[in-house]
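Count residues from 1 along the sequence.
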Amino acid sequence: MPDTPVLDLTDDADLHVLVPSRALGEHLQQLSPRIRAHRVDPTDGPPTGDAARAQVWVPAGGSGIPDGFLDGLPDLRLVQLMSAGAEKFAGRLPEGVVLCNARGAHTPATAEWVVAATLAAQRGLPHFTREQDAGRWSPRTDASLVGARVLVVGAGDIGRTVGAMMAGFDVDLTYVARTARDGVRSTAELPDLLPAADVVVVIVPVTEETTGLVDAAFLGAMKDGALLVNAARGVVVDTDALLAELTAGRLRAALDVTEPEPLPEGHPLWSAPGLLLTPHVAGAVPDTGRRATEAVAAQLRRVLEGAPLENVVDRY
């Protein structure tokens with residue numbers, strides 16, 4: 001397979017695409033009379049009829065691959081996600097299938113959530129909201145984002161956008177990634193970097209290396225009173241280790257993702273002190289759906305034109 005994969009179609013071949021909604025299918029079919037969209041629910045089993053001829057599958061956001069679903073798709077060549085996260089699909093596709101994500105579709109909203117959550121946690125807004133609900137006037141002094149030392153673990157599209165948004169707060173910002181490069185430190189340097197950070201933002205993809213990255217040693221290296229912000233995935237953070245630090249009152253956290261997820265009723269994270277928690281909604285703004293749809297449409301245009309695919313996560 002070439003370095004930049006191309007989905008080969010004959011000039012007059014129809015492009016059969018499995019989609020999660022009628023609206024998306026109608027939008028994609030407007031791109032070309034060669035596109036045939038088939039709305040499917042993978043939990044109903046393998047596709048039948050013309051849908052079984054699909055070369056492209058666009059899964060619903062947050063879904064995975066039900067057992068046996070891919071067995072009914074002998075012509076499948078591309079799985080095009082509407083999300084940036086690809087951990088539910090990577091390593092699980094048949095030979096000859098390319099996996100692509102919707103890089104950039106969730107970037108502005110997710111970066112905005114990171115900044116909003118950081119500001120709210122630094123300035124104690126969750127505390128003041130609770131005091132408002134109780135009808136108490138309770139002034140106190142909290143931390144600030146202005147001039148803070150911020151460590152962004154993950155120097156991809158979202159991490160860079162977080163940095164750009166925080167620039168107006170005159171932060172001292174350091175990027176960290178798996179491999180050091182110009183302007184980016186290596187994850188091997190984290191033990192030396194963490195003790196100086198006021199805020200640690202985690203925005204990494206889920207891989208074998210990042211699963212459990214924020215463990216007891218990582219958290220233990222953070223200085224007293226520091227804030228952990230996780231907009232990646234819940235499995236990146238050791239929940240028990242974080243709970244121990246929150247319960248002790250040594251660290252604070254702002255989480256949009258948890259492990260497990262959804263967070264079950266009665267889980268100790270619900271009542272953990274120093275925690276701002278949202279239910280995986282960082283990307284949930286009206287424009288995100290439009291951007292994800294356009295990412296899918298742009299990819300299908302490349303397929304029809306015989307152009308190289310973009311946002312390739314993996315190929316099999």
- Between T288 and A109, what is the shortest heavy-atom contact and its length? OG1-CB, 3.8 Å
- Between R123 and D142, is there a salt bridge with N-O shorter than 4.0 Å? no
- Item | Non-neighbouring partners of Q30 that pass side chain to side chain donor-acceptor pair (under 3.5 Å), sequence neighbours left out | none
- Message: Under the criterion salt bridge (Lys or Arg N to Asp or Glu O under 4.0 Å), I'd like the reasoning laid out for R34 against D14: C-alpha separation, chi angles, the key distance, then a yes or no.
- Response: CA-CA 5 Å; R34 294 172 58 194; D14 287 338; 5.6 Å; no
- Message: Can you confirm whether P42 sits close enough to W57 that some side-chain heavy atom of one is under 4.5 Å from a side-chain heavy atom of the other?
- Response: yes
- Query: Where is the tightest heavy-atom contact between G225 and L251, given as atom of each residue plus distance?
  - Reply: N-CD2, 4.5 Å
- Task: Please assess V153 against V236 for the test side chain to side chain contact (heavy atoms under 4.5 Å, CB included), listing each intermediate value before the final yes or no.
- Result: CA-CA 11 Å; V153 184; V236 173; over 6 Å; no
Which atom pairs, one a donor and one an acceptor, fall under 3.5 Å between side chains of residues 80-90 and the rest of the protein, sequence neighbours left out?
from: Q80; atom 1: OE1; to: Q299; atom 2: NE2; distance (Å): 2.9
from: Q80; atom 1: NE2; to: N101; atom 2: O; distance (Å): 3.2
from: S83; atom 1: OG; to: G85; atom 2: O; distance (Å): 3.0
from: E87; atom 1: OE2; to: R233; atom 2: NE; distance (Å): 2.7
from: K88; atom 1: NZ; to: G62; atom 2: O; distance (Å): 2.6

- Can you list every pair that meets salt bridge (charged side-chain N to carboxylate O under 4.0 Å, His left out) and has a residue in residues 158-170, with sequence neighbours left out? none
- Item | Residue pair P108 / G104: nearest heavy atoms and the distance that separates them | CD-O, 3.6 Å
- Query: Any donor-acceptor pair under 3.5 Å linking the side chain of R149 with the backbone of A196?
  - Reply: yes
Using a 3.5 Å cut-off and no angle test, enumerate the donor-acceptor pairs between side-chain atoms of residues 15-26 and protein atoms at least two apart in sequence or in another chain.
from: H16; atom 1: ND1; to: H38; atom 2: NE2; distance (Å): 2.8
from: S21; atom 1: OG; to: L24; atom 2: N; distance (Å): 3.2

- Query: Taking it one step at a time, do L93 and I65 satisfy side chain to side chain contact (heavy atoms under 4.5 Å, CB included)?
  - Reply: CA-CA 9 Å; L93 299 180; I65 309 175; 3.7 Å; yes
- Just how far is it from atom CG of L31 to atom CG of L304, taken to the nearest 0.5 Å? 7.5 Å
- Note on the structure: In short, side-chain hydrogen bond (donor to acceptor under 3.5 Å, both in side chains) pairs touching residues 243-253 with sequence neighbours left out are Q122-R252, D224-R250, E245-R250
- Might you work through the side chain to side chain contact (heavy atoms under 4.5 Å, CB included) test for L255 and T278, ending with a clear yes or no? CA-CA 6 Å; L255 309 178; T278 59; over 6 Å; no
- Task: For the pair E131 and R140, find out whether any cationic side-chain nitrogen is under 4.0 Å from an anionic carboxylate oxygen.
- Result: no
- For the atom pair CZ (R136) and NE2 (H127), what is the distance rounded to the nearest 0.5 Å? 8.0 Å
- Message: Please list all pairs meeting salt bridge (charged side-chain N to carboxylate O under 4.0 Å, His left out) that have one or both residues in residues 37-50, counting only residues at least two apart or in different chains.
- Response: D50-R53
- Query: Counting N and O atoms only, with roles assigned by atom type, does the side chain of T110 sit under 3.5 Å from a partner on the main chain of T107, one being a donor and the other an acceptor?
  - Reply: no
- Kindly write out the residues that satisfy side chain to side chain donor-acceptor pair (under 3.5 Å) with N230, not counting sequence neighbours, or none if the list is empty. none
- Query: Any side-chain heavy atom of V312 sitting closer than 4.5 Å to one from P5?
  - Reply: yes
- Please collect all salt bridge (charged side-chain N to carboxylate O under 4.0 Å, His left out) contacts where either partner lies in residues 274-289, sequence neighbours excluded, each pair once. D287-R290
- Message: If hydrophobic clusters are built by linking Ile, Leu, Val, Met, Phe, Trp and Tyr wherever their side-chain heavy atoms come under 4.5 Å apart, do L276 and L228 end up in the same one?
- Response: no
- Query: Can you name the nearest heavy-atom pair linking A111 to T161, along with the distance?
  - Reply: CB-CG2, 3.6 Å
- How is the hydrophobic cluster of L173 composed, in terms of its other members, when Ile, Leu, Val, Met, Phe, Trp and Tyr link through side-chain heavy atoms under 4.5 Å apart, directly or indirectly? W113, V114, V115, L119, L145, V146, V150, V152, I158, V162, M165, M166, F169, V171, Y175, V184, V199, V201, I203, L227, V229
- Message: For V56 and L76: C-alpha separation, side-chain torsions, deciding distance, then whether side chain to side chain contact (heavy atoms under 4.5 Å, CB included) applies.
- Response: CA-CA 6 Å; V56 180; L76 186 67; 5.6 Å; no
- Taken in chain and number order and not counting sequence neighbours, the residues that satisfy side chain to side chain donor-acceptor pair (under 3.5 Å) with Q29 are none
- Message: Do L309 and V98 have side chains that approach each other closer than 4.5 Å (heavy atoms only, starting at C-beta)?
- Response: yes
- Message: Please say yes or no: joined through hydrophobic side-chain contacts below 4.5 Å, possibly via intermediate residues, are V97 and L99 part of one cluster?
- Response: yes
- Note on the structure: The reported gap from CD in Q55 to CG in L73 (rounded to nearest 0.5 angstrom) is 10.5 Å
- Message: Let me confirm one number: the CG-CG distance from L151 to D198, rounded to the nearest 0.5 Å.
- Response: 10.5 Å
- Item | Contact check, side chains of V214 and V202, non-hydrogen atoms, under 4.5 Å | yes
- Query: Would you call L269 and T239 a side-chain contact if the rule is heavy atoms closer than 4.5 Å?
  - Reply: yes
- Can you name the closest pair of heavy atoms from G274 and L246 and give their distance? O-CD2, 4.1 Å
- Query: Which residue pairs pass the side-chain hydrogen bond (donor to acceptor under 3.5 Å, both in side chains) test when at least one of the two sits in residues 259-270, sequence neighbours left out?
  - Reply: E261-H280
- Item | Approximate separation, where rounding is to 0.5 Å, of L275 CG and L242 CG | 7.0 Å
- Message: Using every non-hydrogen atom in the two residues, find where A102 and A295 come nearest and quote the distance to one decimal.
- Response: CB-CB, 4.0 Å
- Minimum side-chain heavy-atom gap L70-P94 below 4.5 Å: yes
Hey, can you pull the donor-acceptor pairs under 3.5 Å for the side chains in residues 204-212, sequence neighbours left out?
from: T207; atom 1: OG1; to: E209; atom 2: N; distance (Å): 3.2
from: T207; atom 1: OG1; to: E209; atom 2: OE1; distance (Å): 3.2
from: T207; atom 1: OG1; to: T210; atom 2: N; distance (Å): 3.2
from: T207; atom 1: OG1; to: T210; atom 2: OG1; distance (Å): 3.3
from: T210; atom 1: OG1; to: P205; atom 2: O; distance (Å): 2.7
from: T210; atom 1: OG1; to: T207; atom 2: N; distance (Å): 2.8
from: T210; atom 1: OG1; to: T207; atom 2: O; distance (Å): 3.4
from: T211; atom 1: OG1; to: T207; atom 2: O; distance (Å): 2.8

- Query: Are any of the side-chain heavy atoms of C100 and L78 separated by less than 4.5 Å?
  - Reply: yes
